[in-house]
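The residues of the chain are indexed from 1 along the displayed sequence. Order of appearance sets the numbers: ligands from 1, and atoms from 1 within every ligand.
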Amino acid sequence: MQDSTIQAIAWHDDHIAILDQTRLPGKEEYLICKDLEAVAGAIERLSIRGAPAIGVAAAMGMAFACLQDETSDSDAVMAHLEHNAERLLATRPTAVNLRWAVERMMETARGALPEGVQAVKERLKAEALAIHEDDVTVNRNMGACGQEIVPETATVITICNTGSLATGGYGTALGVIRSAVAAGKKVFVAACETRPLLQGARLTAWELQKDGIPFELITDNMAGNYMKRKGADVVIAGADRIAANGDAANKIGTYSLAILAKEHGIPFYIAAPTSTIDMSVASGDDIPIEERNGNEITCIRGQHIAPREIKVWNPAFDVVPSAYIAGIITEKGIVRAPYRESIEKLF
Ligand code: MRU
């Protein structure tokens with residue numbers, strides 16, 4: 001299992017290195033980010049993406065910017081932090097791990113403030129590194145308890161990229177698959193390509209190939225036919241935000257996959273850390289859905305594939321109602337319906 005060699009993001013004392021996922025799998029290039037704007041831009045462009053990885057990037061960006069801050073005035077330092085938090089929160093509205101990480105960093109700064117500006121800086125760096133490290137542990141725990149839902153011999157359908165690239169390391173849905181393989185199960189993966197930005201084709205296929213996990217790539221619109229003709233034992237997807245009632249927002253196409261799974265009698269699972277659960281949101285209807293530029297649909301790698309100046313709708317995520325979800329795999333265990341009660345117990 002070579003997943004540990006994939007590092008979506010790394011802290012260095014003079015920069016933050018971000019593996020530019022827009023260039024994968026063709027080029028393995030790290031962006032050298034030396035200020036907050038470089039990190040915010042990388043999140044917006046999807047050079048780093050996946051809810052937990054966005055949280056890690058935001059935390060590192062805030063710590064790095066604070067360390068660069070030359071003022072010794074504590075009010076000014078806090079004002080800069082607030083400003084940077086706002087900037088980061090505006091980058092991608094659906095992934096709640098971003099807000100979770102930013103709030104955790106602000107709380108850390110407030111806690112350290114009575115000890116002075118230097119303490120704030122040191123504590124923020126330690127906190128960002130801890131958020132990164134903790135995410136890997138959380139994913140491994142999620143994998144360990146989630147792999148039990150994968151039969152000894154199984155075909156697993158997944159969507160988007162939920163692996164080391166989308167997290168601090170190891171992955172959520174892909175982490176569960178990795179753990180099932182590590183437990184000796186014979187797992188075969190059907191990876192949906194994930195239009196429009198092809199995170200499945202470009203990134204999941206790349207990770208699975210590196211790990212030597214057998215898989216085949218399908219286009220998103222083949223999933224129903226795949227279930228009917230080839231069959232699958234389980235569908236596992238990640239999430240960007242889970243409401244208090246268990247409704248889960250994830251990459252566009254996940255909702256269709258869940259409906260298809262139900263129609264074919266295949267259990268559909270979500271794998272996500274508890275930091276993806278947003279108890280302040282009652283149901284999926286209240287989850288803000290990011291809408292992205294239409295050129296992500298009309299162009300592929302800068303090449304127009306549709307007529308110019310046409311109307312395009314490009315929501316980046318959809319919501320799977322909890323009624324379609326057989327279980328939500330977290331680092332603390334698998335929760336099942338009734339979700340409102342089982343999720344409350346988790347906290
Ligand atoms: O737009 P993206 O690539 O950031 O979307 C990512 C997803 O939808 C993932 O499934 C989700 O963030 C969970 S990743 C561990």
Item to check | Shortest non-hydrogen separation from A38 to D35 and the atoms involved | outcome: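 Shortest heavy-atom separation between A38 and D35 comes out as N-OD1, 2.9 Å.
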Checklist entry - What's the shortest heavy-atom distance between A180 and V187, and which atoms? => result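 Taking A180 first and V187 second, the nearest heavy atoms are CB-CG2, 3.9 Å.
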Give me the pairs of N or O atoms, one from ligand 1 and one from the protein, that sit under 3.5 Å apart.
from, atom 1, to, atom 2, distance (Å)
ligand 1, 1 (O), R92, NH1, 3.3
ligand 1, 1 (O), R92, NH2, 2.8
ligand 1, 1 (O), K251, NZ, 2.7
ligand 1, 3 (O), R49, NE, 2.6
ligand 1, 3 (O), R49, NH2, 3.4
ligand 1, 3 (O), Q199, NE2, 2.9
ligand 1, 4 (O), G50, N, 3.0
ligand 1, 4 (O), R92, NH1, 2.7
ligand 1, 8 (O), D240, OD1, 3.0
ligand 1, 8 (O), N250, OD1, 3.1
ligand 1, 8 (O), K251, N, 3.2
ligand 1, 10 (O), N250, OD1, 2.6
ligand 1, 12 (O), A51, N, 2.8
ligand 1, 12 (O), D240, OD1, 2.8
ligand 1, 12 (O), D240, OD2, 3.3

Next on the checklist: Under a 3.5 Å distance rule, please check whether D247 uses its side chain to pair with a backbone N or O of D285 as donor and acceptor.
Outcome noted: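 No; zero donor-acceptor contacts below 3.5 Å.
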Item to check | Cationic tip of K311 above W313 ring, under 6.0 Å, 45° of axis | outcome: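 The answer is no, since K311 fails at least one limit relative to W313.
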Checklist entry - Does T172 have any side chain to side chain donor-acceptor pair (under 3.5 Å) partners at least two apart in sequence or in another chain, and if so, which? => result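 Residues passing side chain to side chain donor-acceptor pair (under 3.5 Å) with T172: none at all.
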Checklist entry - For the atom pair SG (C160) and CG (D240), what is the distance rounded to the nearest 0.5 Å? => result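 Reported value, rounded in 0.5 Å steps: 7.5 Å.
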